[in-house]
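Heads up, the thing below is written out as C-alpha cells.
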Amino acid sequence: DPENYNWRPMDELARELVRDLGLEATLEWAAELPEGSLRGSAWSAAYAVWASQDPKEASLSVLKMPEGTDRNLAINGLVSAHAHEDGESAAIWAAEIDEPGLRESAMIRVGRQYYSQDPEAATQWFASSGLPQSAWERLTGQD
C-alpha cells in the first residue's frame with residue numbers, strides 16, 4: 001500500500017527474488033516498478049544481497065552507474081550490507097548518496113553501527129560528516 005508504506009515486505013520479496021531468480025532478473029523486475037518507495041526498496045534490497053555475496057562486483061557496478069536515483073539506491077543497498085561489518089567503509093559509501101534525505105538517513109544508520117564498533121573513530125567521523133548536531137543523539141542512541 002503506497003499510501004501506508006512499510007518497506008519490509010518489498011525488501012523481503014526482493015531478497016527472495018534474488019535468491020530464486022538471480023540478481024539480473026530481480027533488477028530487471030525492480031526497474032519495471034513505478035518510481036517511488038516500492039521500487040526504491042526493491043532496488044536497495046537487491047543490491048544489499050549482491051553486496052553481501054560479491055562486494056567487489058557490486059561496488060564496481062555502482063561506480064559505473066550514472067548519478068541518479070538508481071545509483072543512490074544501489075549505494076543504500078551496499079551500505080545496508082556492510083554497515084554491521086565495516087562502519088568506516090559504509091560511512092564513506094553513504095556520503096556518496098547525492099539525494100540529501102536518503103544520504104542523511106543512510107549516514108545515521110551507518111553511524112549507529114560504526115559507533116557500536118568504534119566509538120572514538122565514529123565520533124571523529126561524525127565531526128566531519130556534515131550531519132547536523134541533532135543527528136548525534138539518534139546516532140548514539142541518546143534520544
Side-chain angles (χ1 to χ4, degrees), residues 1-2 4-31 33 35-143:
D1 178 5
N4 188 20
Y5 184 67
N6 176 355
W7 62 271
R8 194 168 306 277
M10 182 57 82
D11 183 86
E12 291 174 7
L13 175 60
R15 289 172 185 271
E16 289 175 16
L17 289 172
V18 170
R19 186 189 67 231
D20 295 345
L21 303 176
L23 178 70
E24 188 174 322
T26 303
L27 290 176
E28 288 174 8
W29 165 78
L33 293 170
E35 291 288 329
S37 53
L38 294 173
R39 185 177 189 278
S41 292
W43 198 263
S44 288
Y47 262 87
V49 172
W50 189 17
S52 294
Q53 296 170 349
D54 192 347
K56 182 179 178 182
E57 286 302 315
S59 297
L60 289 172
S61 169
V62 169
L63 291 172
K64 294 176 187 175
M65 295 176 89
E67 289 186 9
T69 301
D70 288 343
R71 184 176 191 272
N72 289 332
L73 294 168
I75 293 170
N76 191 53
L78 290 175
V79 166
S80 296
H82 295 293
H84 65 283
E85 297 171 352
D86 186 354
E88 183 178 12
S89 293
I92 291 167
W93 271 110
E96 292 296 314
I97 296 172
D98 63 15
E99 193 281 303
L102 182 59
R103 180 181 55 247
E104 183 171 317
S105 174
M107 289 177 74
I108 291 170
R109 193 173 69 245
V110 165
R112 283 187 190 123
Q113 293 292 323
Y114 193 13
Y115 187 79
S116 72
Q117 295 162 11
D118 187 343
E120 186 175 321
T123 300
Q124 291 175 2
W125 162 79
F126 182 81
S128 63
S129 70
L131 288 170
Q133 188 60 37
S134 61
W136 182 248
E137 289 77 26
R138 294 186 311 203
L139 191 141
T140 60
Q142 298 174 4
D143 57 349

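Just so you know, these numbers use all the heavy atoms, side chains as well, and skip hydrogens, waters and symmetry mates.
In this structure, I97 and A106 approach most closely via the heavy-atom pair CD1-CB, 3.8 Å. The shortest heavy-atom contact between A45 and A14 is CB-CB, 3.7 Å. Shortest non-hydrogen contact noted between S52 and A81 is OG-CB, 3.5 Å. Closest heavy-atom contact between A94 and V110: CB-CG2, 4.3 Å. Looking at every heavy atom in both residues, A46 comes nearest to T26 through CB-CG2, 4.0 Å.
By the 4.5 Å heavy-atom criterion applied to side chains, L23 and Y47 are not counted as neighbours. Using a 4.5 Å cut-off on side-chain heavy atoms (C-beta onward), M10 and W43 make no contact. Side-chain contact between R19 and R15 is absent, with no heavy-atom pair separated by less than 4.5 Å. The side-chain heavy atoms of S89 and H82, taken from C-beta on, include no pair separated by under 4.5 Å.
Heavy-atom contacts from other residues, nucleotides or ligands closer than 6.0 Å to CD of E24 number 12 or fewer.
Put simply, CE on M65 and CG on N72 are 9.0 Å apart, with the number rounded to the nearest 0.5 Å. The structure places OG of S61 at 7.5 Å from CG of L27, a figure rounded to the nearest 0.5 Å. The line from CD of E96 to CG of N76 is 13.5 Å long, rounded to the nearest 0.5 Å. Atoms OG and OH, from S129 and Y114 in turn, are 11.0 Å apart once rounded to the nearest 0.5 Å. Rounded to the nearest 0.5 angstrom, W50 CH2 and S59 OG are separated by 9.0 Å. With values rounded to the nearest 0.5 angstrom, L73 atom CG is found 6.0 Å from L102 atom CG.
Considering only residues two or more places apart in sequence or on other chains, K56 meets the side chain to side chain contact (heavy atoms under 4.5 Å, CB included) condition with D54, L60. Here E104 pairs with R138 under the salt bridge (charged side-chain N to carboxylate O under 4.0 Å, His left out) rule; sequence neighbours left out. Legend: residues meeting salt bridge (charged side-chain N to carboxylate O under 4.0 Å, His left out) with D86, ordered by chain and number and at least two apart, are absent. E12 is linked by a side chain to side chain contact (heavy atoms under 4.5 Å, CB included) to R8, counting only residues two or more places apart in sequence or in another chain. Residues meeting the side chain to side chain contact (heavy atoms under 4.5 Å, CB included) test with L21, sequence neighbours left out: L17, A25.
The aromatic ring centroids of W125 and Y115 lie 6.0 Å or more from each other.
Among residues at least two apart or in separate chains, salt bridge (Lys or Arg N to Asp or Glu O under 4.0 Å) pairs with a member in residues 63-73 are R39-D70.
S116 places a side-chain N or O within 3.5 Å of a backbone atom of Q113 that can act as its donor or acceptor partner.
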